[in-house]
Every structure is written in structure tokens, then in C-alpha cells.
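Positions are given from 1 along the sequence.
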Amino acid sequence: MDQSRWPAQGPWRNWLNLCVRIHRENGLPSLRTLAGRMQLSSPSRIGEILRGIGWPADDIQAERLLSALGATDAELKRGRQLFVKARVERDGAAVRRQRPDWWHRSGYSEQLADLAPIELLDRDEELDELAAWCAVDEAYVWWQAPARAGKSALMSRFVLNPPPDVWVVSFFVTARLAS
């Protein structure tokens with residue numbers, strides 16, 4: 001199972017580890033088999049969850065996945081506890097990331113969403129570097145690269161998903177937004 005999208009630690013990773021262990025101990029039933037046990041029409045949703053790309057829709061779907069994997073009663077209880085802990089952590093982080101009202105009214109976020117890629121590949125080091133810069137007392141940061149290197153993609157993704165407790169002020173100069 002590809003674990004590259006899993007968090008480094010925490011209750012979500014612990015829940016995913018539990019799922020993978022139960023899956024392995026029960027003979028690695030296929031995603032299609034698991035989907036059938038959960039009465040889902042497509043196995044792709046289960047694959048997304050087990051790879052850490054998506055979350056179960058709710059506590060019930062999380063429990064159904066554990067059952068489909070073959071969890072014992074004790075594993076179901078542990079899985080419920082871990083999932084609730086992970087969900088509370090995720091939801092708390094979402095509340096901390098909420099934007100002020102002016103952000104939603106400005107229309108700028110929609111422009112940025114048009115610039116931002118759906119998925120940003122192999123740029124985690126640069127995003128981490130930007131996040132680290134936000135934690136120090138430097139007035140500005142200057143990024144340079146040739147045309148089409150992905151500067152706008154990187155920065156728009158960062159502006160739309162800043163670190164917790166950081167408000168980003170940005171201005172993009174790009175031919176795509178010229179009138």
C-alpha cells in the first residue's frame with residue numbers, strides 16, 4: 001500500500017496503520033471485495049482512503065471499512081477511538097485555517113484558485129521552506145526561476161493553503177490575468 005501521502009505521525013496515521021495491519025492479517029482482500037462488503041459501487045474510494053488521499057465520509061463509513069477489512073470487536077473499538085481523534089484533529093485544524101470574511105468577499109481567492117494546480121507534485125520541500133520563512137522575522141522572500149518553472153503554481157497553492165495562524169498577503173503578476 002502506497003503510504004507516501006500519509007501524515008508523518010498522529011491519530012490519522014495510527015488509524016491508517018490499523019487498517020493496513022487488519023487488511024494484511026486477513027489476507028489482503030481486493031479493493032473490489034472490500035467495496036462489495038461495504039455496499040459501495042466503486043473500489044476507488046477505498047483505495048483513496050487507504051492511501052491517505054481521502055477520508056471516510058463519516059464515522060459510520062470508517063467503521064464499515066474496518067469491518068470489511070475483517071476487524072475484531074477490539075480492533076473496531078480501537079479504530080473508532082482513533083478515527084474520532086483524527087477527525088477532531090482535522091476539524092480543529094480546519095477551523096484554525098478559516099479565512100476572514102473579507103477574503104471570501106474579495107473574489108481574489110477565486111482568481112487564485114484558477115492559477116493553482118489541482119495537485120502540486122514534488123514541491124513539498126519548497127512549501128516547507130515557505131512555511132519555515134513564515135515563522136521567522138524576515139520582511140520578504142524572493143523566489144526566482146525561469147518561465148514555466150511553476151512559480152505561480154507553487155505560490156498560489158501556498159497562498160490558498162497557508163500554515164496555521166498565518167495570513168498571507170499576495171499579488172500575482174501574470175499574463176493570464178491581464179485584461
Enquirer: Over all heavy atoms of both residues, which pair between P29 and T33 is shortest? Give the atoms and the distance, please.
Expert: CB-CG2, 4.2 Å
Enquirer: Donor-acceptor pair, distance only, cut-off 3.5 Å: does the side chain of E89 make one with the backbone of A86?
Expert: no
Enquirer: Please find the pair of heavy atoms, one from L16 and one from P7, that lie closest to each other, and give the distance.
Expert: CD1-CD, 4.5 Å
Enquirer: For L120 and L127: C-alpha separation, side-chain torsions, deciding distance, then whether side-chain contact (heavy atoms from CB on, under 4.5 Å) applies.
Expert: CA-CA 10 Å; L120 192 62; L127 289 169; 3.9 Å; yes
Enquirer: So that I can tick it off, tell me whether E63 and K77 are bridged by a salt bridge, with the cut-off set at under 4.0 angstrom between side-chain N and carboxylate O.
Expert: no
Enquirer: Could you go through R21 and E25, starting from their C-alpha distance and side-chain angles, then the distance that decides it, and tell me whether this counts as salt bridge (charged side-chain N to carboxylate O under 4.0 Å, His left out)?
Expert: CA-CA 6 Å; R21 183 179 55 77; E25 288 173 358; 3.1 Å; yes
Enquirer: Please report the shortest heavy-atom distance between F172 and L112, naming the atom on each side.
Expert: CE1-CD2, 3.1 Å
Enquirer: Taking K151 for the side chain and Q144 for the main chain, is one N or O donor matched with an acceptor at less than 3.5 Å?
Expert: no
Enquirer: Shared ILVMFWY cluster between L28 and V20, side chains joined below 4.5 angstrom?
Expert: no
Enquirer: Go through it in stages, so that I can follow the logic: the residues are H23 and L34, the test is side-chain contact (heavy atoms from CB on, under 4.5 Å), and I'd like the CA-CA distance, side-chain angles, deciding distance and then a yes or no.
Expert: CA-CA 10 Å; H23 191 214; L34 295 172; 4.0 Å; yes
Enquirer: Does L76 form a side-chain contact (heavy atoms from CB on, under 4.5 Å) with T72? I'd like the steps, not just the answer.
Expert: CA-CA 6 Å; L76 280 172; T72 65; over 6 Å; no
Enquirer: I'd like to know whether D59 forms a salt bridge (charged side-chain N to carboxylate O under 4.0 Å, His left out) with R87, so could you lay out the CA-CA distance, the side-chain angles of the two residues, the decisive distance to 0.1 Å, and finally the verdict.
Expert: CA-CA 9 Å; D59 296 10; R87 185 177 40 75; 2.8 Å; yes
Enquirer: Let me see the working for R123 and E126 under salt bridge (charged side-chain N to carboxylate O under 4.0 Å, His left out), right down to the final yes or no.
Expert: CA-CA 5 Å; R123 303 299 289 266; E126 292 149 305; 2.5 Å; yes
Enquirer: If you compare all heavy atoms of W12 against all heavy atoms of I49, which two are closest, and at what distance to 0.1 Å?
Expert: CZ2-O, 4.4 Å
Enquirer: CD of Q81 to CG of L18: how many Å apart, nearest 0.5 Å?
Expert: 10.5 Å
Enquirer: At what distance, to the nearest 0.5 angstrom, does SG of C19 lie from CZ of R24?
Expert: 11.5 Å
Enquirer: Quick check for you: to the nearest 0.5 Å, what is the distance between S67 atom OG and I60 atom CD1?
Expert: 12.0 Å
Enquirer: Using only atom types and a distance under 3.5 Å, with no angle test, would you say the side chain of S156 pairs donor to acceptor with the backbone of S152?
Expert: yes
Enquirer: Grouping I, L, V, M, F, W and Y whenever their side-chain heavy atoms are under 4.5 Å apart, do W133 and V166 come out in a common cluster?
Expert: yes
Enquirer: So for atom CZ, which belongs to R13, do other residues, nucleotides or ligands contribute more than 12 heavy atoms lying within a distance under 6.0 Å?
Expert: yes
Enquirer: Measuring from R80:CZ to F83:CZ, what's the distance to the nearest 0.5 Å?
Expert: 12.5 Å
Enquirer: Please walk me through it: do R37 and R64 pass side-chain contact (heavy atoms from CB on, under 4.5 Å)?
Expert: CA-CA 8 Å; R37 291 176 185 171; R64 283 184 181 155; over 6 Å; no
Enquirer: Rounded to the nearest 0.5 Å, how far apart are CZ of R32 and OG of S44?
Expert: 9.5 Å
Enquirer: If only atom types and distance count, is the side chain of N26 paired as donor or acceptor with the main-chain N or O of L69 below 3.5 Å?
Expert: yes
Enquirer: Looking only at atom types and distance, does a side-chain atom of R51 sit under 3.5 Å from a main-chain N or O of G47, one as donor and one as acceptor?
Expert: yes
Enquirer: How about L31 and L50: do any of their side-chain heavy atoms sit closer than 4.5 Å?
Expert: yes
Enquirer: With clusters defined by side-chain heavy atoms of hydrophobic residues (ILVMFWY) lying less than 4.5 Å apart, directly or transitively, does V168 cluster with L154?
Expert: yes
Enquirer: Could you report the tightest heavy-atom contact between W15 and P56, atom names first, then the distance?
Expert: CH2-CG, 3.8 Å
Enquirer: Would you say L121 has more than 12 foreign heavy atoms packed within less than 6.0 Å of its CG?
Expert: yes
Enquirer: Assigning hydrophobic clusters by single linkage (Ile, Leu, Val, Met, Phe, Trp, Tyr; side-chain heavy-atom cutoff under 4.5 Å), is V141 placed with V136?
Expert: yes
Enquirer: Please give me the minimum heavy-atom distance between L66 and G79, naming the atom from each residue.
Expert: CD1-CA, 3.6 Å
Enquirer: Check the surroundings of atom CG in D2: do more than 12 heavy atoms from other residues, nucleotides or ligands lie under 6.0 Å from it?
Expert: yes
